[in-house]
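Heads up: the structure comes next, in structure tokens.
Computed from a prediction, not measured in an experiment: that's the story for all the values here.
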Amino acid sequence: MRQAATKQRISTIHSLPSPTLGWNTLDAISEMDPKYAVILQNFIPTSSSVILRKGSSIWASGITGTVETLMVYNSGATTSFFAAAGGNIYDVTLKGVVGAPVVTGKSSGRWQYINISTVGGNFLYLVNGIDSPLLYNGTTWTSINASSTPAITGVTTSNLINVTTFKSRVWFVEVNSLHAWYLPTASIGGAASLLDLSSFFPRGGFLMAMGDWTLDGGTGIDDLAVFITSEGEVAIFKGIDPAGATTWALVGIFQIGSPIGRRCFTKFASDLLVINQDGLQLMSLALSSSRAFVQPSVTDKIQTTISDNITAYSTNFGWTAISFSKENVLMLNVPLPSGMQQYVMNTQTKGWCNFTGWSASCFEVKNDTMYFGTLGSVMKCFDGTSDNGAAIAGEALQAFSYMDSSSIKYFQMARPVIAVDTSNIGVLLGINVDFDTSAPVGTPTFTSTSVGTWDLSTWDAGIWGGSLTIRKDWQTAGGIGYAASLHIKTQSSTANLSWASTDYIYTSGNGLV
């Protein structure tokens, strides 16, 4: 009797785009959309691919201690740049080794600051809650107290820890109190007036910060004064002059998560971002519902990670948020014991990733360039392809996919479609199966693909060259399981890299295990 011929298994090719939706630590790993990533370190998700972040370079060096505040002074066409470290402030306007400090003998380098313009000129105002406020007029630094010129009277100026401007007035927050102080209109000195907010906050605590929130309430755009306490209570006022019943009014009292650090407020377009126990939230969303049914935060897709970090490290110095439109990013600096990291959102796609390698205590933007302060220096961000010569280490683990089939599969090969501008880049890749997140082992060798020549190569077949070369060789990478994911690690100090998609070869069916 003739035996039936053994049926050969047929290989299947399945293609997936790269994780352009970004880093996700909120959803269950077993139910995550493959366009998300379980790990996305130093790779920025964009609308079409995932790209290795740019590097950093030394801007100013020779600073004693860690730079904890960067400040920009603007006066017409003149821009100056200052870095505070320890008790000193340095002029870092020009690239290179700094000279002697322009300010010495202060107790802290953790300043809050504003720029303000009056008929008397343009000024930089600094407070830290320990030392007398500093006022810079473009030439001279002055410690402000009751007898200085200009002077502030009516309050102990060294107790002022937060400063902002609202409706042409300078406002201060007094340390460890529910007191806010304000100066006369368009003034940098004079008699400070008290706004005692004690009766507005039943939970007590103390004021952490004041912000200026621009809101369109349906009857026109208005600026609102926002005060937040250490207990997460928020008082919102509108008006011009707090001294008059007809010129100042309470909008409401709200409860949100308690704020993280004195630098908890950040302007983001017309809205106000707040770093609090619920993550990084837009004020417009945080106040639109009760805390029990809080609207999703900006950091929603990485909220599990954010919450863990806030619970453990909320008292660490360095929490701050900053947007940088030139690179289309919103960055949250996270001070972890293992070193500073940045959780970074692409403001166009809302996809997240995290940066390592930038040991940043603070950030600032000057003349459309971002900088960060670190031990002994100021660094220029998004500059070049290395971190001051050190390689940038990228790692990505795409969310797992069942490849349109619930059967068990033998994964044999993978072909990531990667564009690079140099061959000097090390890449590790592997196929992880069934929600294993371990790192890949082995170093595949990519072979450059010839690029097309315009008007000679076949249309829709040639790869059109530019600054990046497409590499899409099949790599041996195996595993047996139901769901799979590409795990890629790369390290380079010379390359720009973009990952667009991945093709997989597998066979499926019973009898594989």
### Query
Step by step, would you call Asn346 with Thr46 a side chain to side chain donor-acceptor pair (under 3.5 Å)?
CA-CA 7 Å; Asn346 182 323; Thr46 73; 5.7 Å; no
### Message
Does the plane of the ring in Trp248 sit parallel, tilted or perpendicular to the ring in Trp171? Use 30° and 60° as the thresholds.
### Response
parallel
### Task
Go through the side-chain N and O atoms of Asp131 and Ser158 and say whether any donor and acceptor fall under 3.5 Å apart.
no
### Message
Using side-chain heavy atoms (C-beta onward) and a distance below 4.5 Å, is Trp181 in contact with Thr157?
### Response
no
### Task
Using only heavy-atom distances, determine whether the side chains of Ser284 and Asp271 contain a donor-acceptor pair under 3.5 Å.
yes
### Query
Are Tyr371 and Phe81 close enough, and set up right, to give a ring pair (Phe, Tyr, Trp, His ring centres under 6.0 Å), and what steps lead you there?
CA-CA 10 Å; Tyr371 301 85; Phe81 199 24; 5.0 Å; yes
#### Entry: ring pair (Phe, Tyr, Trp, His ring centres under 6.0 Å) partner of Trp23, chosen from Phe43, Tyr36, Tyr343
Tyr343
### Message
Quick one, Gln348 with Ser47, criterion side chain to side chain donor-acceptor pair (under 3.5 Å). Give me CA distance, side-chain angles, the key distance, then yes/no.
### Response
CA-CA 8 Å; Gln348 294 182 326; Ser47 60; over 6 Å; no
### Query
Going by heavy atoms in the side chains, are Arg262 and Met208 under 4.5 Å from each other?
yes
### Query
Side chains of Asn88 and Thr104: donor-acceptor distance under 3.5 Å anywhere?
no
### Task
Determine the sole option in Gln112, Glu364, Arg263 for which the side chain to side chain donor-acceptor pair (under 3.5 Å) test with Thr69 is passed.
Arg263
### Query
Would you call Lys350 and Asp300 a salt bridge, taking side-chain N to carboxylate O under 4.0 Å as the test?
no
### Student check: side-chain heavy atoms of Ser359 and Thr374 closer than 4.5 Å
yes
### Task
Would you give the length of the straight line joining atom CG of Asn388 to atom CH2 of Trp358, rounded to the nearest 0.5 angstrom?
12.5 Å
### Query
Looking at Lys489 and Glu395, what are the two nearest heavy atoms and their distance?
CG-CG, 3.7 Å
### Task
Could you tell me whether Asp241 and Arg169 have a side-chain N and a carboxylate O separated by less than 4.0 Å?
yes
### Pair Asn128, Ser108: side-chain N/O donor-acceptor within cut-off below 3.5 Å
no
### Query
Do we see a donor-acceptor contact under 3.5 Å between the side chains of Thr66 and Ser361?
no
### Task
Considering non-hydrogen atoms only, spot the tightest contact between Gln342 and Met331 and give its length.
CG-CE, 3.6 Å
### Query
Is the Phe200 to Phe237 ring centre distance short of 6.0 Å?
yes
### Query
Taking atom types as modelled and ignoring hydrogens, do the side chains of Lys106 and Ser143 form a donor-acceptor contact shorter than 3.5 angstrom?
yes
### Working for side chain to side chain donor-acceptor pair (under 3.5 Å), residues Ser56 and Asp383
CA-CA 5 Å; Ser56 60; Asp383 185 43; over 6 Å; no
### Centroid-centroid under 6.0 Å between Trp111 and Phe82 rings
no
### Task
Report yes or no: do Thr93 and Asp91 form a side-chain donor-acceptor pair below 3.5 Å?
yes
